[in-house]
Amino acid sequence: MRSITGVLAATLLLVSTIQPTRADGDPARGESVFKRCTVCHAATTQNRTGPGLAGVVGRPAGSVIGYKYSPALAASGLTWDEATLDRFLEAPAKLVPGTRMTIALPKADDRQDVIAYLKTLAPTPGAP
């Protein structure tokens with residue numbers, strides 16, 4: 001009986017420390033996290049070291065006119081949906097070996113929040 005009590009106590013302790021996964025991110029928090037990204041990316045159509053990210057959700061990868069992508073990203077055939085953005089932001093070079101993007105967001109909550117924020121950035125009229 002004593003070992004069952006110990007197992008139950010350990011199980012309850014473990015369950016109480018698990019953080020629930022959020023279905024949707026928080027765009028306001030995502031805007032704050034995105035500030036790390038502004039060294040290379042703008043939340044507009046302006047290209048910097050990286051392409052502008054307005055309208056990125058739903059856009060084919062490597063499609064911003066006027067931005068010179070790595071050959072790997074240009075040929076990736078990816079579309080920036082939520083799942084693809086999550087995988088890319090977690091480990092860019094793992095999803096697209098040869099990409100120039102080297103910064104990752106290892107925390108799932110940060111990625112979900114940034115993706116929620118990116119979804120609020122209006123696409124440019126006439127952009128792919």
Side-chain angles (χ1 to χ4, degrees):
M1 186 66 155
R2 187 172 183 197
S3 66
I4 292 174
T5 304
V7 169
L8 287 174
T11 301
L12 288 173
L13 179 63
L14 176 63
V15 169
S16 70
T17 62
I18 296 173
Q19 295 288 329
T21 303
R22 297 179 302 163
D24 294 316
D26 177 351
R29 186 173 175 284
E31 183 175 13
S32 178
V33 175
F34 182 78
K35 290 178 183 175
R36 301 179 211 169
C37 309
T38 60
V39 171
C40 296
H41 294 282
T44 65
T45 59
Q46 178 188 9
N47 293 329
R48 296 183 178 168
T49 303
L53 296 179
V56 69
V57 178
R59 183 169 71 203
S63 66
V64 171
I65 296 171
Y67 184 78
K68 185 174 168 105
Y69 290 92
S70 67
L73 192 61
S76 70
L78 298 173
T79 297
W80 296 126
D81 59 23
E82 292 176 44
T84 304
L85 282 165
D86 185 55
R87 289 175 43 218
F88 187 71
L89 292 172
E90 181 179 25
K94 184 176 178 182
L95 181 62
V96 183
T99 184
R100 290 187 193 119
M101 184 158 149
T102 58
I103 304 300
L105 294 175
K107 295 180 181 178
D109 283 351
D110 286 349
R111 292 192 308 275
Q112 292 307 307
D113 293 341
V114 167
I115 292 166
Y117 172 64
L118 292 174
K119 288 169 59 176
T120 71
L121 304 178
T124 303

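Closest non-hydrogen pair, Leu73 versus Ala61, comes out as CD1-CB, 4.2 Å. Of all heavy-atom pairs spanning Ala54 and Ala43, the tightest one is CB-O, 3.9 Å. Taking every heavy atom of both residues into account, Ile115 and Asp86 meet most closely at CD1-N, 3.5 Å.
Between the side chain of Asp26 and the backbone N or O of Asp113, no donor-acceptor pair lies under 3.5 Å. Under the 3.5 Å distance criterion, the side-chain polar atoms of Tyr117 are left unmatched by any main-chain donor or acceptor of Gln112. With hydrogens and angles ignored, the 3.5 Å screen pairs a side-chain donor or acceptor of Arg111 with a backbone N or O of Pro106. The closest donor-acceptor contact from the side chain of Thr79 to the backbone of Asp81 lies at 3.5 Å or more, if one exists at all. Between the side chain of Thr99 and the backbone N or O of Val96 there is no donor-acceptor pair closer than 3.5 Å.
To the nearest 0.5 Å, atoms NE2 (His41) and CG (Leu121) are separated by 12.0 Å. Separation of atoms CG (Asn47) and CD1 (Ile65) is listed at 10.5 Å; rounding is to 0.5 Å.
A continuous path of ILVMFWY side-chain contacts below 4.5 Å connects Tyr67 to Met101, so both sit in one hydrophobic cluster.
The shortest distance between side-chain heavy atoms of Leu53 and Phe34 falls below 4.5 Å. By the 4.5 Å heavy-atom criterion applied to side chains, Glu82 and Leu85 are not counted as neighbours. Contact of the Leu95 side chain with the Leu78 side chain is registered, since non-hydrogen atoms from C-beta on lie closer than 4.5 Å.
Under the 4.0 Å criterion applied to side-chain N and carboxylate O atoms, Arg36 and Asp110 are assigned as salt-bridge partners.
Around the CZ atom of Arg100, the shell of radius 6.0 Å holds more than 12 heavy atoms that belong to other residues, nucleotides or ligands.
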